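Report on the following structure.
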2 protein chains.
Amino acid sequence: MNEPSQRTLKSDETTQLVLKKTLDIVCGKWRLYIIFQLTDQACRYGELRRRIPQVSEKVLVQELKELVGLGVIEKTTYNETPPRVEYRLTERGRKVLPILLQLKTVGETFLEV
Amino acid sequence: MNEPSQRTLKSDETTQLVLKKTLDIVCGKWRLYIIFQLTDQACRYGELRRRIPQVSEKVLVQELKELVGLGVIEKTTYNETPPRVEYRLTERGRKVLPILLQLKTVGETFLEV
DNA sequence: TAAGTTACCCACCAAAAGGTTAGAATAAGC
DNA sequence: GCTTATTCTAACCTTTTGGTGGGTAACTTA
(Lines give C-alpha, C1' and ligand atoms only; values in the text may rest on other atoms or scores of the structure.)
Protein backbone atom coordinates (compact mmCIF):
# COMPACT_ATOMS: atom_id res chain seq x y z
CA MET A 1 0.00 0.00 0.00
CA ASN A 2 1.38 3.27 -1.08
CA GLU A 3 -0.20 6.04 0.93
CA PRO A 4 0.13 9.47 -0.58
CA SER A 5 2.63 11.46 1.40
CA GLN A 6 1.03 13.80 3.84
CA ARG A 7 3.89 16.18 3.52
CA THR A 8 2.73 16.77 -0.04
CA LEU A 9 -0.63 17.79 1.28
CA LYS A 10 0.57 20.18 3.85
CA SER A 11 3.45 21.52 1.85
CA ASP A 12 2.31 24.84 0.44
CA GLU A 13 -0.15 27.50 1.47
CA THR A 14 -1.75 27.43 -1.95
CA THR A 15 -2.86 23.84 -1.50
CA GLN A 16 -5.37 25.01 1.04
CA LEU A 17 -6.61 27.78 -1.20
CA VAL A 18 -7.01 25.46 -4.16
CA LEU A 19 -8.87 23.03 -1.97
CA LYS A 20 -11.17 25.69 -0.62
CA LYS A 21 -12.01 26.73 -4.18
CA THR A 22 -12.61 23.15 -5.13
CA LEU A 23 -14.88 22.55 -2.22
CA ASP A 24 -16.89 25.60 -3.24
CA ILE A 25 -17.91 23.65 -6.30
CA VAL A 26 -19.75 21.11 -4.21
CA CYS A 27 -20.52 22.81 -0.93
CA GLY A 28 -23.63 24.85 -1.62
CA LYS A 29 -26.71 23.37 -0.01
CA TRP A 30 -28.01 22.19 -3.42
CA ARG A 31 -24.93 21.78 -5.57
CA LEU A 32 -24.63 18.03 -5.12
CA TYR A 33 -28.24 17.48 -6.08
CA ILE A 34 -27.85 19.58 -9.21
CA ILE A 35 -24.71 17.78 -10.26
CA PHE A 36 -26.32 14.40 -9.68
CA GLN A 37 -29.31 15.28 -11.78
CA LEU A 38 -27.03 16.13 -14.64
CA THR A 39 -24.78 13.07 -14.44
CA ASP A 40 -26.32 11.29 -17.37
CA GLN A 41 -28.51 13.71 -19.26
CA ALA A 42 -28.92 17.37 -19.92
CA CYS A 43 -31.85 18.89 -18.10
CA ARG A 44 -34.10 21.89 -18.52
CA TYR A 45 -34.56 24.39 -15.76
CA GLY A 46 -38.13 23.38 -15.02
CA GLU A 47 -37.19 19.74 -15.01
CA LEU A 48 -34.55 20.41 -12.40
CA ARG A 49 -37.07 22.30 -10.29
CA ARG A 50 -39.41 19.35 -10.40
CA ARG A 51 -36.70 16.87 -9.53
CA ILE A 52 -35.33 18.90 -6.64
CA PRO A 53 -38.59 20.33 -5.32
CA GLN A 54 -37.23 21.64 -2.03
CA VAL A 55 -34.92 24.18 -3.59
CA SER A 56 -36.38 27.63 -4.14
CA GLU A 57 -36.51 29.10 -7.63
CA LYS A 58 -34.18 31.91 -6.79
CA VAL A 59 -31.55 29.72 -5.30
CA LEU A 60 -31.71 27.22 -8.14
CA VAL A 61 -31.16 29.94 -10.72
CA GLN A 62 -28.39 31.40 -8.63
CA GLU A 63 -26.62 28.11 -8.09
CA LEU A 64 -26.87 27.21 -11.78
CA LYS A 65 -25.32 30.54 -12.64
CA GLU A 66 -22.44 30.01 -10.29
CA LEU A 67 -21.83 26.48 -11.48
CA VAL A 68 -21.74 27.78 -15.02
CA GLY A 69 -19.31 30.45 -13.92
CA LEU A 70 -17.11 27.83 -12.30
CA GLY A 71 -17.07 25.80 -15.48
CA VAL A 72 -18.83 22.82 -13.96
CA ILE A 73 -21.96 22.97 -16.08
CA GLU A 74 -22.91 24.71 -19.29
CA LYS A 75 -26.12 26.32 -20.41
CA THR A 76 -27.77 26.25 -23.82
CA THR A 77 -30.59 28.66 -24.56
CA TYR A 78 -32.92 27.94 -27.48
CA ASN A 79 -34.80 30.89 -28.87
CA GLU A 80 -38.31 29.54 -28.60
CA THR A 81 -41.43 30.48 -26.77
CA PRO A 82 -41.95 29.46 -24.16
CA PRO A 83 -38.20 29.61 -23.62
CA ARG A 84 -36.14 26.45 -23.47
CA VAL A 85 -32.88 26.25 -21.61
CA GLU A 86 -30.75 23.19 -21.06
CA TYR A 87 -28.04 22.58 -18.52
CA ARG A 88 -25.43 19.84 -18.79
CA LEU A 89 -22.15 18.92 -17.13
CA THR A 90 -18.98 20.06 -18.83
CA GLU A 91 -16.09 17.67 -19.33
CA ARG A 92 -14.41 19.26 -16.40
CA GLY A 93 -17.54 18.88 -14.39
CA ARG A 94 -17.52 15.16 -15.06
CA LYS A 95 -14.15 14.94 -13.40
CA VAL A 96 -15.63 15.49 -9.97
CA LEU A 97 -17.89 12.47 -10.25
CA PRO A 98 -15.33 9.75 -9.48
CA ILE A 99 -14.14 11.69 -6.47
CA LEU A 100 -17.64 11.95 -5.14
CA LEU A 101 -17.77 8.19 -5.33
CA GLN A 102 -14.71 7.90 -3.15
CA LEU A 103 -15.91 10.54 -0.77
CA LYS A 104 -18.99 8.47 -0.34
CA THR A 105 -17.06 5.42 0.81
CA VAL A 106 -15.15 7.52 3.30
CA GLY A 107 -18.37 9.08 4.48
CA GLU A 108 -19.80 5.68 5.17
CA THR A 109 -17.11 4.93 7.72
CA PHE A 110 -18.14 8.07 9.55
CA LEU A 111 -21.79 7.20 9.74
CA GLU A 112 -20.99 4.22 11.92
CA VAL A 113 -19.85 6.43 14.79
CA MET B 1 -9.02 3.64 -18.38
CA ASN B 2 -11.72 2.28 -16.18
CA GLU B 3 -14.05 5.08 -15.19
CA PRO B 4 -16.25 4.30 -12.21
CA SER B 5 -19.82 3.78 -13.34
CA GLN B 6 -21.90 6.86 -12.90
CA ARG B 7 -24.99 4.77 -12.42
CA THR B 8 -23.44 3.63 -9.16
CA LEU B 9 -23.25 7.21 -8.06
CA LYS B 10 -26.75 8.20 -8.86
CA SER B 11 -28.33 4.95 -7.80
CA ASP B 12 -29.85 5.56 -4.40
CA GLU B 13 -31.19 8.54 -2.54
CA THR B 14 -29.01 7.78 0.43
CA THR B 15 -25.87 8.32 -1.59
CA GLN B 16 -26.64 12.00 -1.63
CA LEU B 17 -27.31 12.10 2.07
CA VAL B 18 -24.09 10.28 2.87
CA LEU B 19 -22.20 12.67 0.64
CA LYS B 20 -23.75 15.70 2.23
CA LYS B 21 -22.72 14.42 5.65
CA THR B 22 -19.24 13.74 4.40
CA LEU B 23 -18.89 17.16 2.94
CA ASP B 24 -19.93 18.64 6.25
CA ILE B 25 -16.71 17.29 7.65
CA VAL B 26 -14.69 19.59 5.45
CA CYS B 27 -16.99 22.44 4.54
CA GLY B 28 -16.83 24.76 7.51
CA LYS B 29 -14.84 27.89 6.84
CA TRP B 30 -11.97 26.66 9.00
CA ARG B 31 -12.25 22.88 8.94
CA LEU B 32 -9.63 22.35 6.28
CA TYR B 33 -7.13 24.47 8.12
CA ILE B 34 -7.72 22.61 11.34
CA ILE B 35 -7.38 19.24 9.69
CA PHE B 36 -4.19 20.29 7.95
CA GLN B 37 -2.63 21.48 11.16
CA LEU B 38 -3.26 18.10 12.69
CA THR B 39 -1.99 15.99 9.81
CA ASP B 40 1.28 15.11 11.40
CA GLN B 41 1.17 16.06 15.03
CA ALA B 42 -1.25 16.55 17.84
CA CYS B 43 -1.77 20.16 18.72
CA ARG B 44 -2.88 22.13 21.75
CA TYR B 45 -5.73 24.56 21.54
CA GLY B 46 -3.57 27.62 21.91
CA GLU B 47 -1.14 26.33 19.33
CA LEU B 48 -3.97 25.99 16.82
CA ARG B 49 -5.05 29.54 17.56
CA ARG B 50 -1.59 30.78 16.86
CA ARG B 51 -1.27 28.82 13.64
CA ILE B 52 -4.66 29.87 12.30
CA PRO B 53 -4.74 33.40 13.61
CA GLN B 54 -7.73 34.58 11.56
CA VAL B 55 -10.20 32.27 13.20
CA SER B 56 -11.98 33.60 16.27
CA GLU B 57 -11.68 31.78 19.56
CA LYS B 58 -15.33 30.97 19.73
CA VAL B 59 -15.47 29.48 16.29
CA LEU B 60 -12.32 27.47 16.79
CA VAL B 61 -13.70 25.91 19.96
CA GLN B 62 -16.98 25.27 18.25
CA GLU B 63 -15.44 23.69 15.16
CA LEU B 64 -13.17 21.52 17.26
CA LYS B 65 -16.18 20.31 19.18
CA GLU B 66 -18.04 19.43 16.05
CA LEU B 67 -15.10 17.65 14.52
CA VAL B 68 -14.76 15.64 17.71
CA GLY B 69 -18.46 14.87 17.49
CA LEU B 70 -18.06 13.71 13.91
CA GLY B 71 -15.23 11.42 14.90
CA VAL B 72 -12.65 13.22 12.81
CA ILE B 73 -10.46 14.38 15.65
CA GLU B 74 -10.11 13.47 19.29
CA LYS B 75 -9.43 15.52 22.37
CA THR B 76 -7.25 14.72 25.34
CA THR B 77 -7.49 16.84 28.46
CA TYR B 78 -4.67 16.73 30.99
CA ASN B 79 -5.53 17.78 34.48
CA GLU B 80 -2.93 20.43 35.00
CA THR B 81 -2.86 24.11 35.66
CA PRO B 82 -2.85 25.96 33.45
CA PRO B 83 -4.96 23.42 31.59
CA ARG B 84 -3.52 21.43 28.71
CA VAL B 85 -5.68 20.03 25.93
CA GLU B 86 -4.50 18.23 22.86
CA TYR B 87 -6.30 17.58 19.62
CA ARG B 88 -5.30 14.94 17.08
CA LEU B 89 -6.78 13.25 14.04
CA THR B 90 -8.50 9.94 14.57
CA GLU B 91 -7.76 6.99 12.30
CA ARG B 92 -10.94 7.74 10.50
CA GLY B 93 -9.98 11.33 10.21
CA ARG B 94 -6.80 10.32 8.44
CA LYS B 95 -8.85 8.65 5.77
CA VAL B 96 -9.98 11.96 4.35
CA LEU B 97 -6.43 13.09 3.68
CA PRO B 98 -5.79 11.12 0.47
CA ILE B 99 -9.08 12.30 -0.94
CA LEU B 100 -8.19 15.88 -0.26
CA LEU B 101 -5.09 15.28 -2.31
CA GLN B 102 -7.17 14.13 -5.26
CA LEU B 103 -9.65 16.90 -4.82
CA LYS B 104 -6.79 19.26 -5.13
CA THR B 105 -5.75 17.95 -8.52
CA VAL B 106 -9.31 18.27 -9.78
CA GLY B 107 -9.51 21.74 -8.38
CA GLU B 108 -6.45 22.72 -10.31
CA THR B 109 -8.14 21.99 -13.61
CA PHE B 110 -10.89 24.39 -12.60
CA LEU B 111 -8.58 27.22 -11.77
CA GLU B 112 -7.48 27.43 -15.40
CA VAL B 113 -10.94 28.59 -16.54
C1' DT C 1 -0.65 39.47 47.12
C1' DA C 2 -0.83 40.53 42.31
C1' DA C 3 -0.22 39.18 37.70
C1' DG C 4 0.22 35.57 34.17
C1' DT C 5 -1.13 31.35 31.84
C1' DT C 6 -4.50 28.33 29.42
C1' DA C 7 -8.80 26.71 27.62
C1' DC C 8 -12.66 27.71 27.61
C1' DC C 9 -18.15 30.15 28.16
C1' DC C 10 -21.61 33.80 27.36
C1' DA C 11 -24.25 37.66 25.49
C1' DC C 12 -24.53 40.17 21.83
C1' DC C 13 -23.69 41.62 16.79
C1' DA C 14 -22.68 41.29 11.60
C1' DA C 15 -22.52 39.06 7.38
C1' DA C 16 -23.68 35.37 4.34
C1' DA C 17 -26.78 31.97 2.71
C1' DG C 18 -31.15 30.64 1.68
C1' DG C 19 -36.39 31.37 1.10
C1' DT C 20 -40.95 33.81 -0.31
C1' DT C 21 -43.68 36.33 -3.16
C1' DA C 22 -44.75 39.02 -7.00
C1' DG C 23 -44.06 40.07 -11.68
C1' DA C 24 -42.20 40.29 -16.62
C1' DA C 25 -41.49 38.77 -21.41
C1' DT C 26 -43.31 36.07 -25.32
C1' DA C 27 -45.86 33.28 -28.29
C1' DA C 28 -49.33 29.42 -28.58
C1' DG C 29 -53.98 27.59 -27.80
C1' DC C 30 -58.75 28.26 -26.68
C1' DG D 1 -58.36 38.78 -25.80
C1' DC D 2 -57.64 35.80 -21.83
C1' DT D 3 -55.08 32.02 -20.07
C1' DT D 4 -51.00 29.00 -20.04
C1' DA D 5 -46.28 27.78 -20.14
C1' DT D 6 -41.28 28.71 -19.24
C1' DT D 7 -37.26 31.00 -17.45
C1' DC D 8 -36.05 34.08 -15.25
C1' DT D 9 -35.53 39.10 -11.99
C1' DA D 10 -36.23 42.10 -7.84
C1' DA D 11 -37.55 43.37 -3.19
C1' DC D 12 -37.82 41.73 0.99
C1' DC D 13 -37.34 38.53 5.01
C1' DT D 14 -35.36 34.55 7.94
C1' DT D 15 -31.87 31.44 9.28
C1' DT D 16 -27.32 30.10 9.68
C1' DT D 17 -22.67 31.07 10.23
C1' DG D 18 -19.01 33.57 11.90
C1' DG D 19 -17.01 37.44 14.89
C1' DT D 20 -16.17 40.61 19.24
C1' DG D 21 -15.35 41.56 23.79
C1' DG D 22 -15.87 40.37 28.13
C1' DG D 23 -15.45 36.93 32.02
C1' DT D 24 -13.95 32.56 34.74
C1' DA D 25 -11.29 28.80 37.15
C1' DA D 26 -7.06 27.30 39.02
C1' DC D 27 -2.59 27.02 39.94
C1' DT D 28 2.30 29.12 39.17
C1' DT D 29 5.60 32.52 39.46
C1' DA D 30 7.28 37.11 40.79
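The structure displayed is predicted, hence computed values, not measured ones. Chain naming here is simple, since letters A, B, ... match the order of the sequence lines and numbering starts at 1 in each.
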message = With nearest nucleotide decided by heavy atoms, which residue, B/Lys58 or B/Arg50, maps closer to the 5′ end of DNA chain C?
response =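 Between the two, 5'-proximity favours B/Arg50.
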Euclidean distance, [Y] [atom2] relative to [X] [atom1], rounded to 0.5 Å:
X	Y	atom1	atom2	result
A/Asp24	A/Leu67	CG	CG	10.5 Å
B/Ile99	A/Gln102	CD1	CD	5.0 Å
A/Lys95	B/Thr109	NZ	OG1	4.5 Å
B/Gln62	B/Ser56	CD	OG	8.0 Å

request  = Strictly below 4.0 Å, heavy-atom distances to any atom of DNA chain C: list the hits from residues 75-82 of chain B, or just say none.
outcome  =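 The stretch gives B/Lys75, B/Pro82 as the residues lying under 4.0 Å from the strand, ordered by number.
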B/Glu91 CD: over 12 foreign heavy atoms closer than 6.0 Å =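 It does not: B/Glu91 CD has 12 such atoms or fewer within range.
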message = With a sphere of 6.0 Å drawn around NZ of B/Lys20, does it hold more than 12 non-hydrogen atoms of other residues, nucleotides or ligands?
response =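 Yes.
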Nearest-angstrom distance from the residue atom [atom1] of [X] to [atom2] of [N]:
X	N	atom1	atom2	answer
A/Arg84	D/dC8	CZ	P	13 Å
B/Ile52	D/dG19	CD1	P	12 Å
A/Lys65	D/dC8	NZ	P	8 Å

Between the protein and nucleotides 13-16 of chain D, which nitrogen or oxygen pairs are less than 3.5 angstrom apart?
none

task = Output every pair passing salt bridge (Lys or Arg N to Asp or Glu O under 4.0 Å) with a member in residues 65-75 of chain B, not counting sequence neighbours, ordered by first then second residue.
result =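 Counting only pairs at least two positions apart or across chains, the salt bridge (Lys or Arg N to Asp or Glu O under 4.0 Å) contacts touching residues 65-75 of chain B are B/Arg31-B/Glu66.
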[X] side chain near [Y] side chain, heavy-atom distance below 4.5 Å:
X	Y	result
B/Leu89	B/Leu97	yes
A/Arg92	B/Phe110	yes
A/Val55	A/Ile34	no
A/Val85	A/Thr76	no

query = Where do A/Glu86 and A/Tyr78 come nearest, in terms of heavy atoms and distance?
reply =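 Closest heavy-atom pair between A/Glu86 and A/Tyr78: OE1-OH, 3.5 Å.
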task = Output the residues of residues 21-35 of chain A in contact with DNA chain D, where contact means a heavy atom of the residue under 4.0 Å from an atom of the strand; sort by number or write none.
result =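 Nothing qualifies; none.
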inquiry  = Under 4.0 Å, heavy atoms only, any strand: does A/Arg44 hit a base, just the sugar-phosphate, or nothing?
reply    =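 Sugar-phosphate, backbone atoms only, no base.
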task = Tell me, please, the opening and closing nucleotides of DNA chain C, 5' to 3', among those with an atom under 4.0 angstrom from a non-hydrogen atom of chain A.
result =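 Going 5' to 3' along DNA chain C, contacts run C/dG18 to C/dA27.
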message = A/Glu108: which residues meet the salt bridge (charged side-chain N to carboxylate O under 4.0 Å, His left out) condition with it, sequence neighbours left out?
response =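 Listed in chain order: A/Lys104.
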